[in-house]
Enquirer: 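Mind looking over this structure? Questions follow.
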Amino acid sequence: MKFFLDTANVSEIKRINELGLVDGVTTNPTIISKEGRDFKEVITEICGLITGPVSAEVIGLDTESMVKEARGIAKWADNVVVKIPMTEDGLRAVNQLSKEGIKTNVTLVFTVAQGLMAAKAGADYVSPFVGRLDDIATDSLALIKNLKQVLTQYNYQTEIIAASIRSLKHVEDVAELGSDIATIPGSLFPKLWSHPLTEAGIQSFLKDWEVFKQ
Ligand code: G3P
């Protein structure tokens, strides 16, 4: 499974990228607003830091605005991917953009049907939201499992980005279910490599070594 970082924080991206763990980055308007920086400036900087895809979301809601914004965003860097919301206008935009060779990530996906529509319209990535489904007591893992099965069954090349990941358990679960990608908040990422027993083990080895040396 590929790891994307769900952040626009450049320090977080640099830190985790140094470990060789960042296959891509995703952002959304909320994530960008947290950085308090110019949208184009921050996306361009991130695109220069990593070689993988970097998702930047449109704000417009009608097809014409989305396509116009997407064409502009696509010029910012070779590895930029335009994030489009899962609506009728969004699907029309994705269909048009795919014909122009502009890569898209369809976001705010909550059902298999939505994911299948996005793939069929020509999306390169589809982003089902795990945490937000859990918030309303709906089986988010069934969505990942079933969407993966359907896209594989019909040979779609569209990759699934499990988004709205909130816990280590989410990451392990979506990996087990065959999600192509999990996009993980920068604050959660260190929890993937940390374990209290690892830390306790290091401390006890060091203590024994000190005793041995005396
Ligand atoms: O990229 C979108 C997604 O990851 C949002 O997560 O935690 O705001 O539901 P969250």
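Atoms within each ligand, like the ligands themselves, are counted from 1 in listed order.
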Enquirer: Does an N or O anywhere in Arg166 fall below 3.5 Å from an N or O of ligand 1?
Expert: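 Min N/O separation from ligand 1 is below 3.5 Å for Arg166.
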Enquirer: Before you tell me yes or no, could you show the steps for Gln214 and Glu210 under side-chain hydrogen bond (donor to acceptor under 3.5 Å, both in side chains), namely the whole-Å CA-CA distance, both residues' side-chain angles and the distance that decides it to 0.1 Å?
Expert: CA-CA 7 Å; Gln214 280 161 16; Glu210 287 307 315; 5.2 Å; no
Enquirer: I want to confirm something. Looking only at heavy atoms, which of Lys83, Glu57, Arg132 is nearest to atom 8 (O) of ligand 1?
Expert: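 Considering heavy atoms of Lys83, Glu57, Arg132, the nearest to atom 8 (O) of ligand 1 sits in Arg132.
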Enquirer: Any salt bridge linking Arg132 with Asp135? Criterion: basic side-chain nitrogen under 4.0 Å from a carboxylate oxygen.
Expert: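 Salt bridge flag = no for Asp135 with Arg132.
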Enquirer: Taking 4.0 angstrom as the limit and counting only heavy atoms of Asn28, give me the atoms of ligand 1 inside it, by number and element.
Expert: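 What qualifies from ligand 1 is 1 (O), 2 (C), 5 (C).
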Enquirer: More than 12 foreign heavy atoms under 6.0 Å from CG of Leu49: is that the case here?
Expert: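 Yes, because the 6.0 Å sphere around CG of Leu49 holds more than 12 heavy atoms from other groups.
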Enquirer: Can you report which non-hydrogen protein atom sits closest to atom 4 (O) of ligand 1, along with the distance?
Expert: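 The closest heavy atom on the protein side is Asp6 OD2, 2.4 Å.
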Enquirer: Could you check whether Thr26 and Thr183, counting side-chain N and O atoms only, form a donor-acceptor pair closer than 3.5 Å?
Expert: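 Looking only at side-chain atoms, Thr26 and Thr183 do form a donor-acceptor pair, the distance falling under 3.5 Å.
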Enquirer: Evaluate Ser164 for polar contact with ligand 1, using N/O atom pairs at a separation under 3.5 Å.
Expert: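 Between Ser164 and ligand 1 (N or O atoms, distance only) the closest approach is under 3.5 Å.
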Enquirer: Would you name the heavy atoms of Asp89 and Thr63 that are closest together and state the gap between them?
Expert: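 Heavy-atom minimum between the residues: OD2-N, 2.8 Å.
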